[in-house]
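Have a look at the structure below before the remarks.
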Amino acid sequence: MDETEFWEIVDSTREAAEGDPDDHAELLVEHLVRLDPDAVLDFARHFEARFQRTYTWDLWAAAAVLLGGAGEDAFDAFRCWLIGRGREVFEGAVHDPEALAELLEDFDPAVDGDGEEIGFAADEAYEALTGVETPDLGLAPPPPEPVGDPLNVTDDSTLAERLPRLWDRFGG
């Protein structure tokens, strides 16, 4: 599976789910179990590589702005949700988290931002196909700390200063 196929699966299942993260996760699993186990592992590698790319202070700040605060678990769920939004939103946000101010039509923290189940879709599909847990994907381990300039993601003034456009649109 190449990167284009990965994003096509993400996009088609998100569209079928009408953007609902829980439905998206279920549709991902349904799609992935129709593939062979090696293809599911390829999908998992693509997902994990993108998940690792989102481990940045600025994206953590963006999650905190959008969610009204984000601890480690909420940030992880946000990162899965961000991948689930598709290539354009994902790449735009990774390149410049402030771009989320323009890339997101709206954001409802009660519905959006929690894609934890999306992050488990490949594992569920692989286990359903093989009866065993997903093996090690052979990727480098994630960095011990987020990439970039550290900041206090619990301080509103810091968030507003670091991401002013996002803060103006969705903050506080």
Side-chain angles (χ1 to χ4, degrees), residues 1-14 17 19 21-22 24-25 27-29 31-32 35 37-67 69-101 103-104 107 109 112-127 129-130 132-154 158-159 162-163 166:
M1 173 179 304
D2 65 18
E3 183 176 11
T4 299
E5 291 170 294
F6 168 81
W7 286 118
E8 285 172 354
I9 293 169
V10 169
D11 290 340
S12 66
T13 52
R14 180 190 67 256
D22 292 331
H24 188 183
L27 290 171
L28 268 173
V29 173
H31 184 95
L32 293 172
L35 305 176
D38 287 337
V40 174
L41 290 178
D42 286 343
F43 182 92
R45 282 185 199 94
H46 281 288
F47 193 96
E48 182 62 26
R50 276 141 196 85
F51 186 75
Q52 288 186 21
R53 283 184 60 202
T54 60
Y55 196 47
T56 71
W57 283 110
D58 284 344
L59 280 172
W60 198 336
V65 170
L66 290 164
L67 297 169
E72 286 183 48
D73 290 341
F75 180 46
D76 285 349
F78 175 83
R79 293 160 61 201
C80 293
W81 174 85
L82 187 61
I83 296 165
R85 298 308 307 155
R87 187 180 218 161
E88 180 183 351
V89 173
F90 173 82
E91 292 294 345
V94 168
H95 177 70
D96 177 14
E98 275 270 87
L100 288 169
L103 291 169
L104 299 176
F107 187 90
D112 299 317
D114 183 354
E116 180 178 21
E117 295 303 316
I118 295 169
F120 293 120
D123 294 332
E124 286 183 39
Y126 188 83
E127 190 166 340
L129 286 169
T130 65
V132 297
E133 291 183 8
T134 305
D136 182 78
L137 298 173
L139 299 173
E145 294 290 323
V147 174
D149 295 327
L151 75 153
N152 181 351
V153 296
T154 63
T158 300
L159 296 173
R162 181 75 66 101
L163 302 169
L166 194 63

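For clarity, every value in this text was computed on a predicted model and none was experimentally measured.
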| request: Mind checking the CZ-CG spacing from F78 to D73? Nearest 0.5 Å is all I need. | output: 15.0 Å

| message | Could you check whether any side-chain N or O of E127 sits under 3.5 Å from a backbone N or O of E124, counting only pairs where one atom can act as donor and the other as acceptor? | response | no

| field | Check: P142 and F51 side chains under 4.5 Å, non-hydrogen atoms | value | no

| query | Looking at side-chain heavy atoms only, is the closest gap between P146 and L59 below 4.5 Å? | reply | no

| task | Supply the atom-to-atom distance L66 CG to D112 CG, rounded to the nearest 0.5 angstrom. | result | 9.0 Å

| R53 and E91 ion-paired at < 4.0 Å | yes

| message | Do L159 and L151 make a side-chain contact, defined as non-hydrogen atoms from C-beta onward lying under 4.5 Å apart? | response | yes

| said: If you define the side chain from C-beta out and look only at heavy atoms, does anything of D58 sit under 4.5 Å from E98? | reply: no

| Judged by atom type as modelled, is there a donor-acceptor pair below 3.5 Å linking the side chain of W60 to the main-chain atoms of A70? | yes

| remark: Output for pair (L129 CG, T134 OG1), nearest 0.5 Å, gives 10.0 Å

| said: Distance check, rounded to the nearest 0.5 Å: W81 atom CH2 versus H24 atom NE2? | reply: 12.0 Å

| query | Would a 4.5 Å heavy-atom cut-off, applied to side chains only, mark E8 and M1 as touching? | reply | no

| query | With E88, which residues qualify under side-chain contact (heavy atoms from CB on, under 4.5 Å), at least two apart? | reply | L103

| Would you say the side chain of L82 lies within less than 4.5 Å of the side chain of L100, judging by non-hydrogen atoms? | yes

| Side chains of F75 and T54 in contact at under 4.5 Å (non-hydrogen atoms) | no

| said: Over 60° means perpendicular and under 30° means parallel, so tell me whether F47 and F6 are parallel, tilted or perpendicular. | reply: perpendicular

| request: Could you check if a side-chain atom of H46 sits within less than 4.5 angstrom of a side-chain atom of F43, using non-hydrogen atoms only? | output: no

